[in-house]
There are 2 protein chains.
Amino acid sequence: MSVSVKRGRPPGMMDVARLAGVSHQTVSRVLNEHKNVSEQTRLKVRAAIAELGYRPDRAARALVTGTSQVIGVVAQNSSLYGPASMLTAFEEAAQATGFAVNVGSVRSLDERSITEAVERHLDQRVAGLVVIAPVASAGPALAHLPADVPLVTIDGDPERSSTLVTVDQVAGAKAATKYLLDAGHQAVWHISGPSDWFDAAGRIRGWEAALKEAGVEIPPLLTGDWSAGSGYRNGQLLARLPDVTAVFTANDHIALGLLRALNEHGRKVPGDVSIIGFDDVPEAAYFTPPLTTVRPDFAAVAAATLELLITQIESGTSEIGTRRTIAPTLIERDSVARPA
Amino acid sequence: MSVSVKRGRPPGMMDVARLAGVSHQTVSRVLNEHKNVSEQTRLKVRAAIAELGYRPDRAARALVTGTSQVIGVVAQNSSLYGPASMLTAFEEAAQATGFAVNVGSVRSLDERSITEAVERHLDQRVAGLVVIAPVASAGPALAHLPADVPLVTIDGDPERSSTLVTVDQVAGAKAATKYLLDAGHQAVWHISGPSDWFDAAGRIRGWEAALKEAGVEIPPLLTGDWSAGSGYRNGQLLARLPDVTAVFTANDHIALGLLRALNEHGRKVPGDVSIIGFDDVPEAAYFTPPLTTVRPDFAAVAAATLELLITQIESGTSEIGTRRTIAPTLIERDSVARPA
DNA sequence: GACAGCCATGTTTGCGTTCACATTCTGGCC
DNA sequence: GGCCAGAATGTGAACGCAAACATGGCTGTC
């Protein structure tokens with residue numbers, strides 16, 4: 001019943017070897033599942049490991065191999081739903097494959113901050129690096145990284161030649177816009193995200209493309225900043241234009257603010273105005289009315305990212321230029337109706 | 001102008017020492033800012049470091065010192081606003097003090113999962129551990145941790161004897177309830193979070209305490225699960241009771257669902273029913289109507305946690321029993337009115 | 001002028017692991 | 001019976017760093 005309090009250094013390979021009556025090298029072989037170890041000694045070593053409660057020291061292994069089982073992630077320290085979900089999805093995926101995740105939050109995604117964060121990670125001898133870089137300012141920093149470290153960018157610059165995984169913003173926005181057009185709306189307005197975000201730019205392009213394909217004139221673009229506040233402010237404007245009957249917002253929170261503005265001006269949703277958002281935040285189903293929106297598959301992005309990264313880690317080469325695009329899904333709810 | 005591509009092992013102390021014409025130990029002394037190094041050699045070494053682009057190898061340092069500059073965080077892999085905000089706040093705080101943060105997400109906070117996550121961290125020789133453990137099920141796991149590793153729990157069991165930092169749920173809930181009573185409401189209802197969460201339990205206690213102090217009878221407790229959906233479902237019920245004029249919800253998303261239920265039943269907020277939420281999610285200011293709510297100070301919690309943890313790390317002892325409670329703030333918006 | 005004391009620096013050792021190489025043992029074949 | 005292949009195991013070094021100990025030079029004191 002007595003639990004011995006561990007004092008001093010934990011047991012090392014040598015201790016295990018001594019107890020099992022073998023050399024430390026044999027212990028190492030058992031640990032790394034080398035062949036050419038007899039079943040008998042394997043069992044002896046396993047028993048000794050269990051008895052001592054031995055756990056291999058990753059630091060020592062990292063020292064000699066020059067690498068670790070840790071993946072460094074650089075992400076902006078924001079509580080924006082998209083990036084935050086991306087991060088947790090990736091953590092979960094990485095853990096399932098036995099990699100630890102080291103998060104280097106960064107206050108803003110400018111070159112200096114990213115470079116610093118990356119260098120902190122390199123100090124730790126990370127095996128690979130993931131940068132969640134949804135804004136243009138991150139570009140220069142990524143261009144100057146050492147080429148020999150495995151790196152995958154999420155939501156980065158589609159024009160850059162790095163390994164990249166993205167949500168297909170254009171397709172999502174197009175689907176949303178088309179959905180509104182198909183419902184019979186003559187025009188679809190758009191409140192966008194900040195223009196330096198690739199996500200925002202992609203959603204704008206998809207919106208424009210859908211309108212163009214339908215031969216519909218493109219209304220003036222309204223610019224938001226992902227926040228509900230920006231949806232509200234732009235909504236004040238839209239609410240006064242009686243010919244506005246359909247709006248695609250760059251995310252759900254903008255839609256929420258828009259909803260409030262329309263409500264204050266007595267315009268009904270979806271009776272007078274139809275709305276589609278983007279992200280499918282968990283509470284979107286409980287907006288008033290429940291919001292039709294576009295849902296990105298964060299888990300799929302995370303899985304693809306990890307797969308590409310592990311390929312690079314194992315091959316030792318950084319296969320620059322690989323792309324992976326994940327298509328989002330339109331979620332139908334009650335914020336869209338046929339115009340009167 | 002030529003940038004040499006780094007190949008093979010990066011430069012080590014030896015390389016720096018050779019270039020500076022000193023011994024590697026002197027380099028070490030400069031790095032660790034030891035005294036007894038002449039200004040002259042200090043400069044020489046610094047120059048050599050800069051020229052080679054030398055960066056100390058943390059793995060090697062960890063090996064020899066037996067510890068690292070990494071803090072392990074165990075957190076549930078959820079996108080719930082509270083825990084997620086807590087996590088990012090802590091990451092930011094830790095980074096400011098030069099600690100790296102290793103996140104061990106965990107799917108659920110049962111004993112097994114936590115123990116596993118903790119052991120993964122211990123493998124990495126983390127300097128300290130933070131567990132964000134807002135649910136009762138985490139208790140047993142925390143009780144069986146090795147006592148010699150610095151550990152701080154956030155939002156853990158108030159009854160346990162570990163070092164603990166919490167938001168003062170009781171005070172926040174009390175303030176909200178009192179605010180509604182002071183506005184003239186005869187009764188205040190509550191839609192709670194899941195009963196196994198300490199946060200939820202604390203908010204229930206605060207609500208009850210405020211009612212008791214005011215000599216008001218305590219209405220039946222409605223139980224939610226933090227989600228907007230649970231707010232909506234409970235709202236269906238409340239909306240049909242004409243004497244319900246004030247509701248305190250355990251978080252903002254529950255309030256959002258409640259808002260929709262009330263709206264569907266034609267009950268105006270705040271005209272017919274007043275509501276106060278908890279969390280102050282960024283979009284709460286743009287609910288319809290803007291939500292009066294209670295804002296926990298995540299940054300303060302993170303700072304307190306880090307401070308306690310660093311104290312333990314530096315002293316080597318785990319000063320069990322220290323507590324820190326952070327008071328939240330009531331944010332007044334438009335979802336509360338005097339009853340008719 | 002000898003000796004203590006301090007300062008700046010160098011030398012050695014070892015952290016726990018893997019890798020490259022060495023050694024021993026086993027069995028099959030002529 | 002001798003020899004060789006290959007399997008099983010062992011030995012020694014190296015990884016990059018910090019701590020303990022060792023050295024040499026300078027200053028001040030009597």
Side-chain angles (χ1 to χ4, degrees), chain A residues 6-46 48-49 52-70 122-127 316, chain B residues 6-49 52-70 122-127 314 316:
Chain A
K6 283 158 196 162
R7 269 277 138 249
R9 291 258 175 179
M13 257 188 184
M14 282 303 205
D15 303 307
V16 176
R18 209 170 303 129
L19 182 58
V22 298
S23 77
H24 63 117
Q25 176 61 313
T26 301
V27 176
S28 172
R29 279 193 269 255
V30 170
L31 250 53
N32 299 348
E33 283 167 342
H34 268 253
K35 43 196 161 250
N36 295 353
V37 180
S38 74
E39 194 54 28
Q40 198 184 0
T41 55
R42 190 191 309 278
L43 289 176
K44 269 195 306 187
V45 170
R46 286 259 154 75
I49 288 176
L52 291 175
Y54 164 80
R55 339 203 80 230
D57 185 329
R58 313 276 190 154
R61 187 196 302 243
L63 176 61
V64 58
T65 61
T67 184
S68 65
Q69 288 286 95
V70 178
L122 293 181
D123 280 357
Q124 310 270 352
R125 294 279 190 272
V126 293
Chain B
K6 283 156 198 165
R7 270 276 139 250
R9 289 258 175 179
M13 257 188 184
M14 282 302 205
D15 304 307
V16 175
R18 210 170 302 131
L19 181 59
V22 299
S23 77
H24 65 115
Q25 176 62 301
T26 301
V27 177
S28 172
R29 280 193 268 254
V30 171
L31 249 52
N32 299 350
E33 284 168 340
H34 270 253
K35 42 198 160 251
N36 295 353
V37 180
S38 75
E39 194 55 28
Q40 197 183 0
T41 54
R42 189 188 309 278
L43 289 176
K44 269 194 306 186
V45 170
R46 286 257 153 76
I49 288 176
L52 291 176
Y54 165 80
R55 338 205 78 230
D57 185 331
R58 310 279 189 151
R61 186 193 301 235
L63 178 60
V64 61
T65 59
T67 184
S68 65
Q69 288 286 95
V70 178
L122 293 181
D123 278 358
Q124 310 271 351
R125 296 275 190 277
V126 293
E314 287 177 350

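Just so we're on the same page: letters track the sequence lines, and every chain starts at 1.
- Under the 4.5 Å side-chain criterion, counting only non-hydrogen atoms from C-beta, B/Gln124 is in contact with A/Val70.
- A/Ser68 approaches A/Ala127 most closely through the heavy-atom pair O-CB, 3.0 Å.
- Partners of A/Thr26 under the side-chain hydrogen bond (donor to acceptor under 3.5 Å, both in side chains) rule, at least two apart in sequence or in another chain, are A/Ser23.
- Across all strands, B/Ser38 comes closer than 4.0 Å only to sugar-phosphate atoms, never to a base (heavy-atom distances).
- Summary of helix geometry: the two end axes of the helix from C/dG1-D/dC30 to C/dC30-D/dG1, each defined by five base pairs via their C1' atoms, are inclined to each other by 60° (rounded to 10°).
- One atom, CG of B/Asn36, and another, P of D/dC26, lie 17 Å apart when rounded to the nearest Å.
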Can you give one letter per nucleotide of nucleotides 12-17 of chain D, going 5' to 3': B for a protein heavy atom under 4.0 Å from the base, S for sugar-phosphate only, - for none?
B--BBB
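- Between chain A and DNA chain C, the heavy-atom contact criterion of under 4.0 Å yields a 5' to 3' nucleotide range of C/dC15 to C/dA20.
- Distance, A/His34 NE2 to D/dG10 C1': 15 Å, rounded to whole Å.
- Residue B/Pro11 comes nearest to B/Leu52 through the heavy atom pair CG-O, 3.6 Å, listed as atom of the first residue, atom of the second, then distance.
- Considering OH of A/Tyr54 and CG of A/Leu31, their distance stands at 5.0 Å, rounded to 0.5 Å.
- Every residue two or more places apart in sequence or in another chain that forms a side-chain contact (heavy atoms from CB on, under 4.5 Å) with A/Val30 is listed here: A/Val37, A/Arg42, A/Val45, A/Arg46.
- With sequence neighbours excluded, no residue satisfies side-chain hydrogen bond (donor to acceptor under 3.5 Å, both in side chains) with B/Thr67.
- Heavy-atom minimum distance, B/Asn32 versus B/Arg61: OD1-NH1, 3.8 Å.
- Contact detail for B/Val16 and B/Ile49: the closest heavy-atom pair is CG1-CG1, 3.7 Å.
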What's the verdict on side chain to side chain contact (heavy atoms under 4.5 Å, CB included) for B/Asn36 and B/Arg29, showing C-alpha distance, side-chain angles and the deciding distance?
CA-CA 9 Å; B/Asn36 295 353; B/Arg29 280 193 268 254; 5.9 Å; no
